[in-house]
S.K.: 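I have a structure here, written as structure tokens, and I will follow up with some questions on it.
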Amino acid sequence: MGKNKISVYIMGKEHRVPEGLTIMKAMEYAGYRLIRGCGCRAGFCGACATIYRKKGDYKLYTALACQTTAENGMYLTQLPFIPANKSEYDLENIQAGPNAILSIYPEVARCVACNTCTKACPQDIQVMDYIQSVKRGDISRAADLSFNCLQCGLCTARCPAEIKHYHVAQLARRLHGKYLAARSEPLSKRICELEEGCFENEIDEMIELKTEDLKKRYFQREIKVSE
Amino acid sequence: MDMRFVDGYPEYMRRSIKKVEATREERISLVMEPMSAEEREELLSTYHPDHMKEGKRPLKIGSSKGEIVHQETANVLEARPQVNPDEIDLSCINHDVDILVIGGGGAGTVAALHAVYEGVLPENILITTKLRHGDANSMMAQGGIQAADGLDDDPSIHFLDAIGGGHFANKPDLVKALVMDAPRIIDWHQKLGVMYERGQDGHFVERPGGGTSRPRLHSAKDYTGMEIMRVIRDEARNLGLEVEEFSPVVELLTDGDAVTGAILMDLETREYGIVRAKSVILATGGFGRLHIQGYPTTNHYGATADGLVLAYHVGAKITDMDSAQYHPTGAAFPEPILGQLITEKVRGMGAMPVNAEGEAFVFPLEPRDVESASFIRECQERGKGIETPTGMLGVWLDSPMIEEIHGPGTIKNELIAMWRMEHQFGIDMSQDPILVFPTLHYQNGGVEIDVNGWTGIPGLYAGGEVAGGVHGKNRLMGNSLLDYNVFGRRAGISAARHARKSSPGKITLDHVTHYNSLLDEAGIDTERRSPMLLPDYRGERAIARSLNISI
């Protein structure tokens, strides 16, 4: 924590905080006991979506409060909840064809390709590109492009076409994972073996061993970790 | 100290990085040997934080009286219950359900889904959670999930790895359940559409972790936990499962014997609500935010051991709560990310721990407790740590080795969360090593359960980090995502079966009165109240000057 103090304006009100803190820690330093807008504190959960401007700068910036250093002259507010409807669907009864997602989220077709969603994404995801992929029916590309999404909802808050990008992307990824990704044969084989009762005896035999003998077996076990 | 920064590091740290670079080529072909049983024992007993005696004390009251636990854990167990029975009106029931699931993280969500598969209607299940649905350590797990489905692997090898990693203190029947259910869990995820990494042939890409004798970790970049959590949450939403967010349970309700409900509190309005349930599932996660022994933590904001406290109030036993996991690779620099997790996958993919002189000093894939203790020894005894500008010590994790081994671009492709986090604070981990030191990561023990997730208290089930016995004294990487799936599922199924044959019970707070009398009898005179619900990170000045005026 730096010795120098900076001014941050939390919902317009000035607070003096040490420089070098994240936005989240700056808010706490100032005396906020966070309930909304704070989750994993490590950049994985999307709870702390924040929008800010800097003094004299016209641009509206977006950030995760736990992953962004507070700067002098930052005017900020958190956006801890986005009221975006999620469609309910039964994945078992969807055909992963080109129109699968459009039929569930038809507003995707309203995309005007303004790219505001991409600019709003604190994860630097090419949001507009995956929406365009959905329009083209390329589910797998949408799944891949959207993979790093934390579902903070900033894209959706900014979209002039009322698209719920992060819900659309969730469906794309699940369709890809369920229907379009290849299947693992060794896994199917292993499950058959388990259903036949394999490995039960080997494990039960180890459970019966005296701890000393089990230890011996553990430290003598073959280690093959090359992939 | 030279404090000019070059690409994220001060000049004086750059001089140590030069030494790391100088030995990199040689270290790539260097084969380190794992420690023997004796070497492990000696290292752990001298350097592992859990072996510092002053950090713990025996519990003075309750069903596990005499058990040695960390001071911070004892403080929340030997505390007054938050709720005063005289102030609660139990006559008005807000939710009358078959199953109450406490905790909307991985274990709770899996439990609710499997209760539905078992035949309970979604409208007869209530999930309640302290923050948002999915706000949990489950979301933050990075490296992967273990399942022995490889051609050169099988569940009995997984069993041996897990039980040896846990220092043979694990409950063997729980470990058996863990490893035998694992392939089926991966198959369930596959059917739900979880995007695990696969090769061209459809086989999962599987990597080794600390203490695994085979590559067995299934991952989704370094967002594995997030990918699984967002899929199961989406499925819960599709099934119409109700989730009360920002509504932690502050106390359970019993009929004097069985658990029959709980009291919720809306964190924002402070209004309480009464739930009556035939079965209750604890899925509240662990204790990282108690900052055991003053360590920083990788854990979620809400990881305050609430479930442990609730279970202890109603007489459940706890096990292995003398054991915390300090993850070897917490970020030690820069300051804003102090204590945040650097996934073990970084080591699994070839990055080596290296000291200030550029020397390798430990087999990179020891179990976490052993690896952590070796980092502490390197810094504290051998004086070969690197000091940060704020006086913290750490060792290098030589991440650029990953690109040397697997090719340029690998880090941005497979470790994007790590790359982003470091990059946000000015460091490019594909070019420079990153500084790490152990950080509090996981509650190895917890509420005692059997293979069905039953706590021994009628009507009360538990799964995930709140429960103990699965991992003994040390959990292996990739076994926690597996744990919450296996025991969340088992708890959900058991709770559904119990609910089917039960009718709604009487709801009382008699156990709270009893617990208060235990505190009195033991002479524990304390202002402490628990469960804690959230840690308080406000600045000292703000706390000191805060007025408690009701408005």
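Scope of the values below: all heavy atoms of this structure, side chains included, with no hydrogens, waters or symmetry mates. Letters A, B, ... mirror the listed sequences (proteins, then strands); counts begin at 1.
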S.K.: Please classify the contact between A:Q67 and chain B as side chain, backbone, both or neither, with a heavy-atom cut-off of under 4.5 Å.
M.R.: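 It is both, since atoms from each part get that close.
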S.K.: Any chance the side chains of A:Q151 and B:R230 put a donor and an acceptor closer than 3.5 Å?
M.R.: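 There is no such pair (donor and acceptor under 3.5 Å, judged by atom type) between the side chains of A:Q151 and B:R230.
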S.K.: At a 4.5 Å cut-off on heavy atoms, which part of A:L180 comes close to chain B: side chain, backbone, both, or neither?
M.R.: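 No part of A:L180 comes within 4.5 Å of chain B.
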S.K.: Select one option (side chain, backbone, both, neither) describing which atoms of A:L91 are under 4.5 Å from chain B's heavy atoms.
M.R.: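 Contact with chain B is through the side chain of A:L91 alone.
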S.K.: Let's test your reading of the structure: which of B:A220, B:A147, B:S36, B:A331 forms the most heavy-atom pairs below 4.5 Å with chain A?
M.R.: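 Counting heavy-atom pairs under 4.5 Å, the top option is B:A220.
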S.K.: Using non-hydrogen atoms and a 4.5 Å limit, figure out which bit of B:L131 sits close to chain A: side chain, backbone, both or neither.
M.R.: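 Side chain only.
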S.K.: Pick from B:L533, B:I543, B:I416: which one has the most heavy-atom pairs with chain A under 4.5 Å?
M.R.: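 Maximum pair count with chain A is reached by B:I416.
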S.K.: Given salt bridge (charged side-chain N to carboxylate O under 4.0 Å, His left out), test A:R190 with B:D153 step by step and report yes or no.
M.R.: CA-CA 10 Å; A:R190 180 56 37 84; B:D153 195 10; 6.0 Å; no
S.K.: Look at the aromatic rings of B:Y223 and A:F147 and report parallel, tilted or perpendicular, splitting at 30° and 60°.
M.R.: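 Because their plane-to-plane angle lies in the 30° to 60° range, the rings of B:Y223 and A:F147 count as tilted.
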S.K.: Based on non-hydrogen pairs under 4.5 Å, which of B:M139, B:Q424, B:R214 is most in contact with chain A?
M.R.: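 Most heavy-atom pairs within the cutoff with chain A belong to B:R214.
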S.K.: So does A:R41 get a backbone contact from the side chain of B:Q340, meaning a donor-acceptor N/O pair under 3.5 Å?
M.R.: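 Indeed, once roles are kept as given, a pair shorter than 3.5 Å links the two residues.
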S.K.: If I measure from the heavy atoms of chain B, does A:D90 come under 4.5 Å with its side chain, its backbone, both, or neither?
M.R.: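 Answer is neither: A:D90 stays 4.5 Å or more from chain B.
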S.K.: Side chain from CB out, backbone as N, CA, C, O: work out which of these in A:L194 comes under 4.5 Å of a heavy atom of chain B, or both, or neither.
M.R.: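 A:L194 touches chain B through backbone and side-chain heavy atoms alike.
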S.K.: Side-chain contact, heavy-atom cut-off 4.5 Å: A:K178 with B:Q190?
M.R.: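 Answer no - side chains too far apart.
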S.K.: Using a cut-off of under 4.5 Å for heavy-atom pairs, which of B:D135, B:D154, B:T212 has the most such pairs with chain A?
M.R.: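 Top option by heavy-atom pairs under 4.5 Å: B:D154.
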S.K.: Heavy-atom cut-off 4.5 Å, strictly under: side chain, backbone, both or neither for A:S188 against chain B?
M.R.: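 Neither; nothing under 4.5 Å.
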